[in-house]
Amino acid sequence: MRFFLEFNFSLLPENTAQAVVCGSGIAGLTCAIVLKELGASPIILTRGIGNTYYSQGGIAGAVDPKDSPQSHLLDTLKAGRFLNNRQAVEILVNEGIMRLADLERWGVKFDRKENGYDTTTEGGHSFPRVLKVKDFTGREIYTKLLLKTQSLGIPIVEGELQEILGEDKVEGIIYRSGRSLQLIRTKALILATGGAASMFKNTSNPSKIKGDAIGIAFRAGVPIKNPEFVQFHPTVLEGTNLLISEAVRGEGAVLVDERGERFVEELKPRDIVSRSIYSLLKKGKRVYLDMRPLIKKGITIEDRFPTISNFLKDRGLNPAKQLIPVVPAAHYYIGGIEIDVFGRTALEGLYAVGECTCTGVHGANRLASNSLLEGVVFGYRTAYRVYLDLNFLKQGKGKFSSKRRGNKSPSVSFESLKKLMWEKVGLERIKDELLTAKKTLIRWISEAESWEATAENRQLYDILLVALATTEGAIQRQESRGVHYRKDFPMEREVFKRDTVISNIL
């Protein structure tokens, strides 16, 4: 269905904006700041703190003279199993160095040592190129970019995107503020709404980040690219969504089984480490992260990882003395809205940045700490493209309405969706289970025509669309590559060294 909610365009409170940035993570804030610095007048629509704030590990960049963008590029291609968009990766590693300087210009203070940055190594990197702020890098970046946004006088509106208006171009949006619907007429909309990893039972994502804006864009006619690639982080504290950064393993922590024995090389790509843990969990065993080797190296856990140390102690765990139980969890949605290297989508006036997109940077597996870098690099580039396009985009004057007769409650809940995706479309996939998931998702989606037109039901519907695209992508990709693992096709196949583009799934 084109619109889910019931509304009468002429009855909604109306505002106008030159450009609307939807989302306030590193990608959205960067885009808004640069637009403002260029002389445009953006506003930010946000439903609050997102994934950037909770990012612990750091942001990768070849800033050390002994390192090089070429080395960073090769590491990224290798991790992505060479499915990456090489042009996008070259942009990432080369422009990324300049954008790190911009972050410092905007107030971010990375950890330093006497002769430069105090960088660390994470899985897949051949050089310690990850800049950090202890273990709260994302919080530091988010806080400083938000302060910069406020100092520039960029309006920030609290609300949640519901509908994109326009047929062949963006003419405006409908968003919910409190319990009421509001309208903003705009000719440029930039989605920076985060990924969809929260649709799995075990996830590191905060509950408010659900990926539904990807579904909203899909309903507006924009394809979803490579949705089958979902990165699972190996070490989330058992029974929570609290992530224990890969930087902990980079500093020397090890993974052990119930006998206290190591069973995997900790800094291999995340898909390999995650599946190694999962294989033990399936046998009814538990897996632990041993952080005690850090102490032997002279690292004080409380100083180096204060955030992690605090939330472990809040749960009665002492990482200096105890093993920490961990499980893999859906962490990063590699696929997303199809865009070009300037953030443009197939719909005129609609742009997207950050985790809700698929730039092709990550290929089949994201190299650790490349996501924050992607956000700032492509947020910056997209701002320049939007600024120039504003000279050519024309504000539409269409009037839109949507009538619905639905009055039923969904038979599916977000929790039942999470269970289905974890069990059938999770770390290990096989044809029969994928087809079962697809059949179930289509049945749930077909029932949506009779659902009551509430914002909550709209959100669930759009997440179901993203889940179905993810499942369909996993069915189509009859190979194992990067984070996508098919038990019935356990090897890479050259014929599938190509992107998956989902434009029609119903």
Side-chain angles (χ1 to χ4, degrees), residues 21 23-34 50-55 57-63 69 72-73 75-77 79-80 83-103 108 122 124-125 129-131 137-138 141-142 145 190-197 205 209 211 214 225-226 229-231 233 246 270 331-345 351-385 482-483 499:
V21 178
S24 59
I26 187 173
L29 291 177
T30 295
C31 190
I33 289 168
V34 177
N51 283 337
T52 293
Y53 181 89
Y54 297 101
S55 179
I59 181 168
V63 296
H72 190 181
L73 178 141
D75 289 346
T76 301
L77 295 178
L83 195 70
N84 319 63
N85 176 345
R86 187 176 179 116
Q87 180 191 11
V89 180
E90 288 176 347
I91 289 168
L92 180 84
V93 299
N94 287 294
E95 295 186 11
I97 299 169
M98 297 180 285
R99 301 294 80 84
L100 290 171
D102 283 316
L103 289 177
V108 176
E122 292 188 1
H125 287 278
R129 65 170 63 96
V130 179
L131 283 73
T137 310
I141 291 173
Y142 170 84
L145 293 191
I190 303 99
L191 298 181
T193 50
N205 285 200
I209 307 299
I214 301 172
K225 183 176 175 180
N226 290 344
F229 295 112
V230 181
Q231 187 179 73
H233 196 286
E246 192 161 335
R270 288 175 176 177
H331 176 56
Y332 191 88
Y333 196 66
I334 292 172
I337 299 166
E338 185 179 32
I339 59 170
D340 68 8
V341 293
F342 283 101
R344 291 176 291 199
T345 74
Y351 307 78
V353 291
E355 192 180 345
C356 68
T357 74
C358 183
T359 60
V361 156
H362 307 301
N365 190 7
R366 177 179 68 97
L367 181 65
S369 289
N370 267 356
S371 52
L372 288 177
L373 190 67
E374 180 191 29
V376 68
V377 166
F378 288 91
Y380 199 102
R381 288 174 63 86
T382 299
Y384 271 84
R385 186 68 262 172
V483 295
D499 294 320

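Being a predicted model, the structure only gives us computed values, none of them experimental.
Across L131 and T137, no two heavy atoms sit closer than the pair O-CG2, 4.3 Å. Heavy atoms only, all atoms of each residue included: A197 and N205 are closest at CB-OD1, 3.7 Å. The two residues V21 and G28 make their nearest non-hydrogen contact at CG1-O, 3.5 Å. Across A196 and I214, no two heavy atoms sit closer than the pair CB-CD1, 4.4 Å. Nearest approach of Y351 to F342, heavy atoms of both residues: CD2-O, 4.2 Å. Contact record, I26 with T52: N-OG1, 3.0 Å, taken as the closest heavy-atom pair.
By the side-chain contact (heavy atoms from CB on, under 4.5 Å) test, A79 pairs with L367, sequence neighbours left out. Remark: D499 pairs with L83, K225, N226 by the side-chain contact (heavy atoms from CB on, under 4.5 Å) rule, at least two apart or across chains. For Y380, the ring pair (Phe, Tyr, Trp, His ring centres under 6.0 Å) test picks out Y384, with sequence neighbours left out. When the side-chain contact (heavy atoms from CB on, under 4.5 Å) test is applied to E95, the partners found at least two apart in sequence or on another chain are I91, M98, R99, V377, R381. Residues satisfying the side-chain contact (heavy atoms from CB on, under 4.5 Å) criterion with S24, sequence neighbours excluded, are L29, I44, T46, Y142.
Distance CD/E374 to CG/N370: 8.0 Å, rounded to 0.5 Å. To the nearest 0.5 Å, atoms CG (L103) and CD1 (I141) are separated by 5.5 Å. Separation of atoms CD1 (I190) and SG (C356) is listed at 11.0 Å; rounding is to 0.5 Å.
Contact of the I337 side chain with the L191 side chain is registered, since non-hydrogen atoms from C-beta on lie closer than 4.5 Å. The shortest distance between side-chain heavy atoms of Y332 and V483 does not fall below 4.5 Å. Between T30 and D102 there is no side-chain heavy-atom pair separated by less than 4.5 Å. Counting heavy atoms from C-beta on, the side chains of T359 and V341 never come closer than 4.5 Å.
Between H362 and Q231, the side chains place no donor N or O within less than 3.5 Å of an acceptor N or O (distance only, hydrogens not considered).
Using bins of under 30°, 30° to 60° and over 60° for the plane-to-plane angle, the ring pair H72/H125 lands in the tilted bin.
Within the structure, no pair that satisfies the salt bridge (charged side-chain N to carboxylate O under 4.0 Å, His left out) test touches residues 353-369, not counting sequence neighbours.
Judged purely by atom type and a 3.5 angstrom limit, T357 has no side-chain atom pairing as donor or acceptor with the backbone of A352. With N85 contributing its side chain and Q87 its backbone, the two residues share a donor-acceptor pair below 3.5 Å.
A salt bridge links R129 with D75: the closest approach of a Lys/Arg side-chain nitrogen to an acidic carboxylate oxygen falls below 4.0 angstrom.
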